[in-house]
There are 2 protein chains.
Amino acid sequence: MPPVPVKGVGTKTAPRRAGRPPRALLGHAQITRAALRLVTRDGYKALTMSGLAKSLNVAPSALYNHVSSKQDVLLLVEDALMGRVDVSAFTERPWEEAVRLWAHSYRDVFSAHLPLIPVIALLPVTNAPQTITMYEAVTDGFLRAGWPQERIINAIVALESFVFGSAYDVNAPGDIFATGELEDAAPHFTAAVARRGNPAGHNDADAAFALGLDAMVAGLAATLASATR
Amino acid sequence: MPPVPVKGVGTKTAPRRAGRPPRALLGHAQITRAALRLVTRDGYKALTMSGLAKSLNVAPSALYNHVSSKQDVLLLVEDALMGRVDVSAFTERPWEEAVRLWAHSYRDVFSAHLPLIPVIALLPVTNAPQTITMYEAVTDGFLRAGWPQERIINAIVALESFVFGSAYDVNAPGDIFATGELEDAAPHFTAAVARRGNPAGHNDADAAFALGLDAMVAGLAATLASATR
DNA sequence: ACCTGAACACCGTTCAAGT
DNA sequence: ACCTGAACACCGTTCAAGT
């Protein structure tokens, strides 16, 4: 009978590391995961450097060995979320439908992460691999739909701008257009707000998003048709 | 010879107030003006409660006799700026042109005030008179162009969402789409960025804004035409 | 009614000192 | 190389005390 190895004794594969405290090694992946968990559970006001450090059983100053600022942490989270944006339609569906599906997915992901919108809109994509991957898939979809190279980035930026604004609107309170005591000064507006009508299954934000997205996609398609004619 | 009045003695028009320190009375108007001046000169990072108080020669805690939070101050500034958005075209120009001029003005005003975008997008308009006035003028313009009441708010929200996102884009750095070391992973995107072409007199942000705005306005006009046919 | 001054409970970030 | 602990320079907000 061969000797039964005693657990943890004499069978170590990395003898030099014995006796280490049971803490996960800190790195971008661990920091990103912890930040995402914190934000998902408690929201962005809970995402502080000390809160993040505590969730990793580490001192706040330890984080600065791996990131250079809180902005860095936000960029890590942003890039991780960008991987959740669905671009699959660009290889499987006609351009108009693909754009609509992508825009919906993009809005849905970031409507729960509003503080990241300035990060996406203002920070270079350099060193944000998942973000670059998303742009590559979208650009590829535009190219295969016949878009001229020079117009693609402007079209993407325009759609993205609409997506960002719409992500805010998802979080608007139901009474955002309540005029209150100033109702008399704005009769037409107040009436239009009261009569706002949405298609079945659409809340206010979804209805406005669908209307604007349909309009912009149709308008862009018309632009493309006249440019390539 | 009549007696020459001695300055400040015997000629007081408000005797009860003699000896007051020469400080402007605090109120919403004074706070708004001071906040706007601070932001225009030094940017939003300089708009702190203590900085604002200092510019008014007052203790920070004194501000809380007139506003209940910093959010309140931001709402005052937002409403003041909303008065600068040009809605005059809605009474002077056809709908499509009016919408374009309004959207341009709206974007231009708030591209210099990005921190106010969440305020506009998420806070009720109640007690924001200039904001309500703007919406009234826009709604009126839509009505006179033949828009059905039920669709107007959704159309305005869609246009506004695009304006907000585009206001961010105005502040994007020129190298926002620089792929850096990850260039090889995104050849189509990198090429499209390099070949991005803009009409004469347009920078990147202006070109994307014009493209998206033209598309959305054309799409909305088509929507309207088919709905009222 | 409106102000001051002190205090509170936080922030992000730096840095000497340890291992 | 990577961590700790203390410190720094701030934040927004509250509140007793004054006038």
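Atoms considered below: every heavy atom in the structure, side chains included; atoms not considered: hydrogens, waters and symmetry mates. Quick note on labels: first sequence line is chain A, next is B, and so on, each numbered from 1.
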Exercise. For D:dA16, give its Watson-Crick or G-U wobble partner with both distances under 3.5 Å, or none.
Key: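 Paired with D:dA16, as far as the under-3.5 Å criterion goes, is C:dT4.
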Quiz prompt | G-U wobble or Watson-Crick pairing nucleotide for C:dC11 (cut-off 3.5 Å, both distances) | solution =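 Paired with C:dC11, as far as the under-3.5 Å criterion goes, is no nucleotide at all.
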Rounded distance (Å) that lies between atom [atom2] of [N] and atom [atom1] of [X]:
X	N	atom1	atom2	answer
B:M49	D:dC11	CE	C1'	11 Å
A:L63	C:dC15	CG	P	17 Å
A:K45	C:dG12	NZ	P	13 Å
A:N65	C:dT13	CG	P	14 Å
B:L56	C:dC3	CG	C1'	13 Å
B:K54	D:dC10	NZ	P	10 Å
B:I31	D:dG12	CD1	P	14 Å
A:Q30	D:dC2	CD	C1'	14 Å

Quiz item: So, for A:F164 and B:Y168, is the gap between ring centers shorter than 6.0 Å?
Solution: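 Distance test on ring centres: not under 6.0 Å, no.
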Self-check item: side-chain N/O A:S50 vs C:dC11 OP1/OP2, d < 4.0 Å
Solution: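 Answer yes for this pair, as a side-chain N or O of A:S50 is under 4.0 Å from OP1 or OP2.
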Quiz item: Is there a donor-acceptor contact under 3.5 Å from the side chain of B:S161 to the main chain of B:V157?
Solution: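 Between the backbone of B:V157 and the side chain of B:S161 there is a qualifying donor-acceptor contact (under 3.5 Å).
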Practice problem: Let me know, please, whether B:P60 or A:P60 comes out on the 5' side of the other along DNA chain C by nearest nucleotide. | Solution: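 The residue whose closest nucleotide sits nearer the 5' end is B:P60.
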Of the nucleotides [options], which one has an atom closest to the side chain of [X]?
X	options	result
B:H66	C:dC2, D:dT4, C:dG12	C:dC2
B:Y64	D:dT13, C:dG12, D:dT4	D:dT13
B:K70	C:dC3, D:dG12, C:dT13	D:dG12

Quiz item: Could you go step by step and tell me if A:D108 and A:R84 meet the salt bridge (Lys or Arg N to Asp or Glu O under 4.0 Å) rule?
Solution: CA-CA 10 Å; A:D108 290 345; A:R84 299 188 188 173; over 6 Å; no
Practice problem: Give B:S61 one of three labels, base, sugar-phosphate or nothing, depending on what nucleic acid heavy atoms sit under 4.0 Å from its own. | Solution: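 Base, at least one base heavy atom under 4.0 Å.
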Self-check item: Separation of B:L123 CG from B:L74 CG (nearest 0.5 Å)
Solution: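 Here the rounded value is 9.0 Å.
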Self-check item: Considering all heavy atoms, the nearest A:N154-B:G197 contact
Solution: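 Scanning both residues completely, I find the closest heavy atoms to be ND2-O, 3.7 Å.
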